[in-house]
Amino acid sequence: MNITSTIIDSLDFIFFGFAIAAVTSYIILAIISAFETVNYMKKNSFVNYTEILSSSISPSISIIAPAYNESLNIVENVRSLLSNHYVNYDVIIINDGSKDDSLEKLIAAYDLVKVDYLINNQLPTKPLRQGVFKSTNPAFEKLIVVDKENGGKADALNFGLNISTNKYVACIDVDCLLLEDSLQKMIKPFLESTDEKVIAAGGVIRIANSCKIKDGKLLDINLPKSSIVKAQILEYLRAFLLGRMAWSKLNGLLVISGAFGLFDKKIALEVGGYDTKTVGEDMEIIVRMRRYMEEKKAKYRVAYIPDPLCWTEAPDSYKIFISQRNRWTRGTIETLKKHKKIGFNPEYKALGMVSYPYWFLFERVAPIMEILGLIYFLILIFNGFVVWIYAISFLVLAYLFNVLFSIITIITEELTYHQYSKKGMGWQLIKTAFTEPILNHPVVLYAAIKGNFDYYFNKKIKWGEMTRKGMSSN
């Protein structure tokens, strides 16, 4: 009996200690993020981005947007990319072997013709299919469309790096909608930094389901009726408003959303571009660029902009949602495994001693700990070892913490960017905060566990498809 009690006490300590560590880390990150967001808004409230950063001598940027079977959104979203207020940029659409009529729609909408174009093949990629296209219409002179054989998103982005002639590259998902001032705000950290090199910058991603979009412009923000999409809105708000701003302050960002990120092209090329053998290429390239700079002993940072700069379509079915989160899990495992040398290594400073351990414990290990905790709880119930007053109290506290954290996120959004300003939107999000831990979190946990299983036992699974319904139809 003493041995059993010792084992139970030890396991209680491990699971309870892990939960306390996770909660503490979330609170610390939220506090840092709140202060940083307030400071950012004060600092930038009087900045005239149009006058300062729309100059013809501003740094050159290429927007690289891979497209695969995106015919529903492609014309509208290219129009939004071409509507940016930034002056010195071009738009490179990589049609990655689409099987639909994406290319035909682009040719018709933008008066495209095939041209001879110099491509600097620094990175190996799949070859061209029909070739490179430019518009005969001067209004679309910034547009370059590449039609190549299918090689996946990372391969398409590498082709974009090869064909770009500009200093910086903004890598985005073509189904995303960029706001008109997004490039001005994203390039600002690169221009401000003098004592350290900014190698990449990321911005806030918002969900566009049910929003009104016309001619590539966001006209009206609405909340979707779908509970799964509303839960994702809340999830995105938590991650971007109360997480990544803190990691930016700590110079510990390990990921920039693949939906929209700005990179120093020279550094991206020096590290070998995107890894085509991982499903988490957006996280992996940031970790590799950071590792490269650390090993060079160079002063650098990865910046983050809290402004809502990019709107994207989120999965509205559980099947697609699970597939997406499965891929995110596998991408995290692949990246952390590939760069395990960094982990808990003081030579890599904050990257090795703070960022990597956090991601390993609370992103990589957390779902496994959670499912093991549930199994352990069921075993305790079966053997009659549960003290129910403590167990129920712990479950209620965990639930209330999750709800309270989400409500704080909603209040933060209301006090800062106030995007969901229509009557009743705030209350809808608060109601979602109460239902999300019960309805959405178990699905996220299932997807993460399935991602672990697929990584180790089902190697044939790759990216997984994201079926679009088209934002313009909203």
Side-chain angles (χ1 to χ4, degrees), residues 19-49 179 181-182 184-206 233-257 260-262 286 290 299-310 349-359 361-363 366 400-421 426 429-430 433:
I20 293 298
V23 167
T24 303
S25 68
Y26 297 153
I27 293 172
I28 292 172
L29 290 174
I31 292 171
I32 296 173
S33 287
F35 279 107
E36 279 303 296
T37 301
V38 170
N39 289 337
Y40 174 87
M41 295 188 72
K42 286 181 180 178
K43 182 180 177 182
N44 291 275
S45 58
F46 299 106
V47 175
N48 190 327
Y49 289 98
L179 298 189
D181 60 353
S182 56
Q184 284 99 313
K185 291 180 177 179
M186 282 285 269
I187 197 65
K188 192 166 175 281
F190 292 86
L191 303 179
E192 288 179 329
S193 185
T194 55
D195 59 337
E196 55 188 3
K197 187 178 185 65
V198 175
I199 60 172
V204 169
I205 311 298
R206 293 290 174 95
I233 289 174
L234 201 54
E235 192 179 19
Y236 275 48
L237 288 175
R238 283 198 305 264
F240 287 104
L241 284 181
L242 295 185
R244 296 194 183 180
M245 201 63 184
W247 284 116
S248 178
K249 172 66 175 178
L250 300 171
N251 195 18
L253 273 174
L254 281 193
V255 63
I256 285 177
S257 174
F260 183 38
L262 188 62
I286 291 296
R290 295 200 59 165
K299 288 186 176 182
Y300 76 97
R301 72 184 181 97
V302 176
Y304 173 76
I305 308 298
D307 297 282
L309 302 178
C310 176
K349 301 174 184 175
L351 177 63
M353 300 303 293
V354 180
S355 300
Y356 189 103
Y358 177 89
W359 273 83
L361 291 173
F362 303 125
E363 298 290 342
L400 290 177
F401 172 79
N402 198 312
V403 172
L404 180 61
F405 200 74
S406 294
I407 291 174
I408 290 171
T409 303
I410 296 165
I411 293 171
T412 304
E413 154 64 19
E414 286 292 307
L415 295 176
T416 53
Y417 295 100
H418 195 44
Q419 296 289 296
Y420 303 100
S421 56
L429 288 174
I430 289 173

Got a donor-acceptor contact below 3.5 angstrom from the S355 side chain to the G252 backbone? yes

- Message: Checking S33 against R244: is there a side-chain donor and acceptor pair closer than 3.5 Å?
- Response: no

For a 4.5 angstrom cut-off between non-hydrogen side-chain atoms, does M245 reach Y40? yes

query: Is there side-chain contact between S248 and V302, with at least one heavy-atom pair below 4.5 Å?
result: no

In this structure, CG of L254 is separated from CG of L351 (nearest 0.5 Å) by 6.0 Å

Any donor-acceptor N/O pair, S193 side chain to F190 backbone, under 3.5 Å:
no

For Y420 and E414, the nearest pair of non-hydrogen atoms, with its separation, is O-OE2, 3.4 Å

To the nearest 0.5 Å, atom CG of L415 lies from atom CD1 of I410 at 12.0 Å

Note: P357 and G352 closest approach over all heavy atoms is CD-O, 3.2 Å

Rounded to the nearest 0.5 Å, the NZ atom of K188 sits from the CG atom of D307 at a distance of 9.5 Å

With sequence neighbours left out, the residues meeting salt bridge (Lys or Arg N to Asp or Glu O under 4.0 Å) with E196 are R301

Q) Quick one: are Y26 and R238 in side-chain contact, heavy atoms under 4.5 Å? A) no

Residues Q419 and E413: closest non-hydrogen pair is N-OE2, 2.5 Å

Closest heavy-atom pair, I256 versus A200, reported as atoms and distance to 0.1 Å, is CD1-CB, 3.7 Å

Rounded to the nearest 0.5 Å, the CG atom of L250 sits from the CG atom of L29 at a distance of 7.0 Å

query: With a 4.5 Å limit on heavy-atom distance, are the side chains of L241 and Y236 in contact?
result: no

Between the CG atom in L237 and the CG atom in L429, the distance rounded to the nearest 0.5 Å is 7.0 Å

Distance col, row S257:OG vs L309:CG, nearest 0.5 angstrom, shows 11.5 Å

Review point. Between the side chains of N44 and K185, does any donor sit under 3.5 Å from an acceptor?
Key: no

Keeping R206 on the side-chain end and I233 on the backbone end, is there a donor-acceptor pair under 3.5 Å? no

For I286 and V255, the nearest pair of non-hydrogen atoms, with its separation, is CG2-N, 4.2 Å

Taking every heavy atom of T37 against every heavy atom of T416, the minimum-distance pair comes out as CG2-CG2, 3.9 Å

Next on the checklist: If you define the side chain from C-beta out and look only at heavy atoms, does anything of Y417 sit under 4.5 Å from M41?
Outcome noted: yes

N251 and Y300 side chains, donor-acceptor separation under 3.5 Å | no

ring-ring contact (aromatic ring centres under 6.0 Å, His included) test vs W247 passes for just one of Y358, W359, F240, namely Y358

